[in-house]
Amino acid sequence: MDDSTHHTGDAHGHAGHHAGHDHAAHQSGHTAGATWATAAKATLHCLTGCAIGEILGMAIGTALLWGNVPTMVLAIFLAFVFGYSFTLFAVRRAGLGLKAAVKVALAADTVSIAVMELVDNGIIALVPGAMDAQLSEGLFWSALLGGFAVAFLVTTPVNKWMIGRGRGHAVVHAHH
């Protein structure tokens, strides 16, 4: 793929189908690929990694009877680890070296994961009793899953804005 050229005209009509066209459009400042569907797909990708890490962290911390702060710190840490790893594995599979793949994962996911974690954990912290609920309680799972749903709704417009400016998940498109 030749990243030095800028496609114009009908190249924008192929957003989401030809990564080279998306990437070039992003570089030239156009918003090709910044559709709600593209943003939702990027957010769902991010949410999957975050959810795995966060659920694992919350489950570990709760099962070990840790306090709220260490449990939340572990959950957030694992959300970032799993969130980044999904992108890292995808771009490595596409042939990128480890150092370049790490840079792409950091560029693609940092803001998305941070917003998602801020919203999700904020909701969990604000739901009365959710932080003290046990794994066997419906309140634990409803607050966690409700937080994910709200985080998805808040993070999708953020990702749409970033993709439209050639940032966030737009940097991954160059490697597909």
Side-chain angles (χ1 to χ4, degrees), residues 16 33-94 96 98-164 167-173 175-176:
T35 64
W36 284 107
T38 300
K41 183 177 177 183
T43 306
L44 187 59
H45 177 266
C46 179
L47 177 64
T48 302
C50 287
I52 291 168
E54 188 155 338
I55 289 170
L56 186 59
M58 290 285 192
I60 290 169
T62 302
L64 295 176
L65 304 175
W66 287 2
N68 292 339
V69 173
T71 297
M72 193 171 273
V73 168
L74 177 64
I76 292 168
F77 172 77
L78 290 177
F80 273 91
V81 168
F82 279 87
Y84 286 138
S85 70
F86 276 35
T87 298
L88 185 65
F89 290 133
V91 295
R92 289 280 292 146
R93 198 170 46 243
L96 222 58
L98 182 60
K99 185 176 179 180
V102 168
K103 287 181 181 181
V104 168
L106 291 172
D109 295 330
T110 299
V111 172
S112 184
I113 295 171
V115 170
M116 195 163 292
E117 287 304 299
L118 180 67
V119 171
D120 177 47
N121 285 286
I123 288 171
I124 292 169
L126 292 174
V127 171
M131 290 297 296
D132 297 319
Q134 296 300 310
L135 294 174
S136 60
E137 296 177 53
L139 179 60
F140 175 89
W141 294 103
S142 62
L144 190 62
L145 298 176
F148 289 147
V150 174
F152 177 83
L153 294 173
V154 171
T155 308
T156 299
V158 172
N159 281 333
K160 183 180 186 304
W161 181 83
M162 289 179 57
I163 292 167
R167 293 179 171 84
H169 269 262
V171 300
V172 175
H173 292 297
H175 304 287
H176 283 293

What is the distance from atom [atom1] of [X] to atom [atom2] of [Y], rounded to the nearest 0.5 Å?
{"X": "L145", "Y": "I123", "atom1": "CG", "atom2": "CD1", "result": "11.5 Å"}
{"X": "W141", "Y": "Q134", "atom1": "CH2", "atom2": "CD", "result": "12.0 Å"}
{"X": "I124", "Y": "M58", "atom1": "CD1", "atom2": "CE", "result": "4.0 Å"}
{"X": "L139", "Y": "L144", "atom1": "CG", "atom2": "CG", "result": "10.5 Å"}
{"X": "I76", "Y": "C50", "atom1": "CD1", "atom2": "SG", "result": "10.5 Å"}
{"X": "T155", "Y": "L118", "atom1": "OG1", "atom2": "CG", "result": "9.0 Å"}

Which pair of non-hydrogen atoms, one from [X] and one from [Y], has the smallest distance, and what is that distance?
{"X": "L98", "Y": "R92", "value": "N-NH1, 3.1 Å"}
{"X": "A75", "Y": "E117", "value": "O-OE1, 4.4 Å"}
{"X": "T156", "Y": "A39", "value": "O-CB, 3.6 Å"}

> Looking at residues at least two apart in the chain, or sitting in another chain, which of them share a side chain to side chain donor-acceptor pair (under 3.5 Å) with N159?
Replying inline: T43, S112
Checking the side chain of [X] only, and the main-chain atoms of [Y] only, is there a donor and an acceptor separated by less than 3.5 Å?
{"X": "T110", "Y": "A107", "value": "no"}
{"X": "D120", "Y": "M116", "value": "no"}
{"X": "T38", "Y": "A34", "value": "no"}

>> Quick check on side-chain contact (heavy atoms from CB on, under 4.5 Å): which of V91, L88, L96 does V102 satisfy it with?
In response: L88
> Going by the side-chain hydrogen bond (donor to acceptor under 3.5 Å, both in side chains) test, which pairs reach into residues 45-67, not counting sequence neighbours?
Replying inline: none
> What's the verdict on side chain to side chain contact (heavy atoms under 4.5 Å, CB included) for V111 and R167, showing C-alpha distance, side-chain angles and the deciding distance?
Replying inline: CA-CA 10 Å; V111 172; R167 293 179 171 84; over 6 Å; no
>> The test is side chain to side chain contact (heavy atoms under 4.5 Å, CB included); show your working for D109 and F86 and say whether it passes.
In response: CA-CA 10 Å; D109 295 330; F86 276 35; over 6 Å; no
> Would V158 and W161 count as a side chain to side chain contact (heavy atoms under 4.5 Å, CB included) if you check the C-alpha gap in whole Å, the side-chain angles of each, and the deciding distance to 0.1 Å?
Replying inline: CA-CA 5 Å; V158 172; W161 181 83; 5.7 Å; no
> Could you go step by step and tell me if I113 and F82 meet the side chain to side chain contact (heavy atoms under 4.5 Å, CB included) rule?
Replying inline: CA-CA 10 Å; I113 295 171; F82 279 87; over 6 Å; no
>> What I'd like to find out is whether the side chain of F152 reaches to under 4.5 Å of the side chain of C46, using heavy atoms alone.
In response: no
